[in-house]
Amino acid sequence: IYPNNDASDTIEFLYIKNKSEGSDNIFLSLDNKSTYPISIPSGEAFACRLNAITADKIHIKSSANMVTAQYLLAKAE
């Protein structure tokens with residue numbers, strides 16, 4: 001997930017909502033795809049404050065071929 005196509009932006013806040021129907025989960029990685037410890041079920045959301053995470057480290061994947069996600073990133077000034 002890259003805000004304004006700048007992967008070096010430091011992200012301070014992250015919100016992701018799984019807008020998919022059915023039982024498709026979104027898995028979230030904050031360490032450049034090393035692990036995906038956060039699972040977001042369909043219809044649920046996840047939000048957190050981050051400390052020194054750049055946008056290029058934030059990745060999502062799905063348990064399905066295609067998933068619909070709504071997200072909001074707030075970057076440091």
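- Heavy atoms only, all atoms of each residue included: S23 and S63 are closest at O-OG, 4.1 Å.
- With sequence neighbours excluded, no residue satisfies side-chain contact (heavy atoms from CB on, under 4.5 Å) with E21.
- Scanning both residues, M66 and D24, for their nearest heavy atoms gives O-OD2, 4.3 Å.
- Between the CG atom in L50 and the CG atom in L30 there is a gap of 6.0 Å [rounded to 0.5 Å].
- Distance CD1/I53 to CG/N32: 10.5 Å, rounded to 0.5 Å.
- Listed by first and then second residue, the side-chain hydrogen bond (donor to acceptor under 3.5 Å, both in side chains) pairs that reach into residues 40-51 come to none, sequence neighbours excluded.
- A search for side-chain contact (heavy atoms from CB on, under 4.5 Å) contacts involving A47 returns F13, Y15, not counting sequence neighbours.
- Closest heavy-atom contact between T10 and A52: CG2-CA, 4.0 Å.
- Rounding to the nearest 0.5 Å gives a distance of 5.0 Å between CG of L14 and CD1 of I58.
- To the nearest 0.5 Å, atom CG of residue N18 and atom CD1 of residue I26 are 3.5 Å apart.
- Here T35 pairs with D31 under the side-chain hydrogen bond (donor to acceptor under 3.5 Å, both in side chains) rule; sequence neighbours left out.
- With sequence neighbours left out, T54 forms a side-chain hydrogen bond (donor to acceptor under 3.5 Å, both in side chains) with D56.
- Under the side-chain hydrogen bond (donor to acceptor under 3.5 Å, both in side chains) criterion, N25 pairs with no residue, sequence neighbours left out.
- Here the NZ-NE2 distance, from K33 to H59, works out to 5.0 Å after rounding to the nearest 0.5 Å.
- Listed by chain and number, the residues in a side-chain hydrogen bond (donor to acceptor under 3.5 Å, both in side chains) with S62 amount to none (sequence neighbours excluded).
- Through direct or indirect side-chain contacts shorter than 4.5 Å among Ile, Leu, Val, Met, Phe, Trp and Tyr, F27 is connected to Y36.
- Within the model, atoms CD1 of I38 and CZ of F46 stand 3.5 Å from one another, a figure rounded to the nearest 0.5 Å.
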